[in-house]
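Below is one structure; the comments refer to it alone.
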Amino acid sequence: MRLIPTIAAFCTAASMSVASPEFWSFEWPNTDFENTSIDNWVEIMSGGPPKDGIPAIDDPSFVAVADKPNLEPREPVITLEIEGEVPRAYPIRYLTWHEIVNDEVGGIPVAVTFCPLCNSGITFDRRVAQGTLSFGVSGKLRNSDMIMYDRETESWWQQAIGEAIVGDLTGTELVSLPSWMESWEAFSTRNPDGLVMTQPAFNRNYGANPYVRYDSSNRPFLYSGEMPPHDIPALARVVRVGDQAWPLTRLAEEGELTEAGVMFSWTQGQASALDTASIGAGKEVGNVRVRDAAGNDLPHDVMFAFAFHAFWPEGEWMIGN
């Protein structure tokens, strides 16, 4: 794996960090480390950048699809279509560098999230029983997955599972909303009157992939857990619905598949964001839609196999015959 030098330097330093509640409490004096679901603090590692070193985006701006933003046809976006609202696209070229977008759509406060090291793109409702939260990037990783934090209580949240793991809100779960990764071309063709997030006002190399050839690696970065079963490569993509995972290669072969009450459809046209130096030029991974028997979009995640195994060790692998 080749990284932009700045990130590589951060991560080299990160691998030498010692994880413990006492160690992190100096950096996070407002976080209650005695309230946690973490059994083994060695699982928590610094990813390199400090708290907010990867800046989340708040109140993003949008332009109309008709304004023809400068996006490559095959580059991925996270699509959010809430009934009665104009569909929105959040380009991965921005989320790669910011990882969280705090937005509001149709009165629903949402967090659109993307963890490059797990290829995990999930949209959450930011409302919990204690109120509406806003999220930032902690700079910490667990099983190579981003740990978010809420600015209200500074509790830590595991992005892949949408659950607070450290702090006052430990055990609280966020509601996942149906959203999905697809190509800009697929989104804009289906939604000619849609909206797309505009480039943030930060000095970043948007459109570039700082994790060149990462999804061709044999092992995940900063991960020491078990490898997936069934000889599935660690960085193979799987489509997770609940605690079940379907290999993306299987869905690509089938094209359409209905199993366990879930309907999948796969079409070509989306580039991997974690392959070539240019996000829009990556290898083919295809577009996946996930629906229930009534045709309603289901919350799901297209993540790397190692991450599914790490967070759902008893999960079911839907590998077919």
Side-chain angles (χ1 to χ4, degrees), residues 1 43-45 47 54 56-57 76-80 90-102 110-126 135-149 156-165 173-182 209-211 214-215 217 219-223 225 228 232-248 251 270-275 279 282 285-288 290 298-313 315 317:
M1 178 180 63
E43 294 178 356
I44 306 294
M45 300 186 69
I54 298 174
I57 299 298
V77 301
I78 292 181
T79 295
L80 181 60
Y90 302 81
I92 294 298
R93 64 164 52 209
Y94 307 141
L95 280 160
T96 293
W97 297 95
H98 297 283
E99 300 191 359
I100 300 172
V101 176
N102 293 293
V110 301
V112 182
T113 71
F114 177 62
C115 175
L117 295 179
C118 291
N119 194 68
S120 177
I122 314 174
T123 300
F124 299 107
D125 188 326
R126 294 191 282 117
F135 290 95
V137 181
S138 72
K140 307 298 179 285
L141 300 171
R142 179 171 171 240
N143 294 324
S144 202
D145 179 60
M146 166 177 55
I147 294 177
M148 314 186 296
Y149 79 95
W156 290 8
W157 298 75
Q158 193 73 61
Q159 182 261 356
I161 60 176
E163 182 177 328
I165 58 173
E173 297 181 9
L174 298 171
V175 173
S176 298
L177 300 175
S179 66
W180 56 93
M181 272 198 248
E182 63 181 342
N209 166 29
Y211 309 94
Y214 179 59
D215 61 1
S217 304
R219 292 189 63 87
F221 191 58
L222 293 179
Y223 176 73
I232 297 175
L235 283 95
R237 288 171 170 83
V238 299
V239 181
R240 180 191 66 81
V241 184
D243 61 356
Q244 297 176 310
W246 283 260
L248 187 62
L251 301 181
Q270 183 187 163
S272 165
L274 297 164
D275 181 28
I279 285 177
V285 295
N287 305 299
V288 179
V290 182
L298 286 174
H300 67 279
D301 190 14
V302 180
M303 67 195 317
F304 289 137
F306 82 87
F308 175 74
H309 186 54
F311 292 108
W312 287 270
W317 294 86

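Positions are given from 1 along the sequence. From a predicted model like this one, the values you see are computed outputs, not experimental measurements. Side-chain atoms are counted along with the backbone in the values below, which use heavy atoms only and exclude waters and symmetry mates.
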*Which residue, Asp275, Asp301, Asp215, forms the salt bridge (charged side-chain N to carboxylate O under 4.0 Å, His left out) with Arg237?*
Asp215

_Treating Asn119 as the side-chain partner and Val302 as the backbone partner, does any N or O pair qualify as donor plus acceptor under 3.5 Å?_
yes

*Leu117 pairs by side-chain contact (heavy atoms from CB on, under 4.5 Å) with which of Tyr223, Tyr214, Phe306?*
Tyr214

_Residue pair Gln158 / Asp145, side-chain donor-acceptor N/O under 3.5 Å_ = yes

*Side chain Ser176, main chain Phe124, donor-acceptor under 3.5 Å*: no

_Using side-chain heavy atoms (C-beta onward) and a distance below 4.5 Å, is Tyr90 in contact with Leu95?_
yes

*Distance only, no hydrogens: is a donor on one side chain within 3.5 Å (strictly under) of an acceptor on the other, for Thr113 and Glu99?*
no

*Hey, what do you get for OH (Tyr94) to CZ (Phe114), rounding to the nearest 0.5 Å?*
15.0 Å

*Between Trp317 and His309, how do the two ring planes meet: parallel, tilted or perpendicular, split at 30° and 60°?*
tilted

_Derivation and outcome, ring pair (Phe, Tyr, Trp, His ring centres under 6.0 Å), residues Trp157 and Tyr149_ = CA-CA 6 Å; Trp157 298 75; Tyr149 79 95; over 10 Å; no

*Is it true that a side-chain atom of Asn209 and a backbone atom of Tyr211 form a donor plus acceptor pair closer than 3.5 Å?*
yes

*Taking Arg219 for the side chain and Phe221 for the main chain, is one N or O donor matched with an acceptor at less than 3.5 Å?*
no

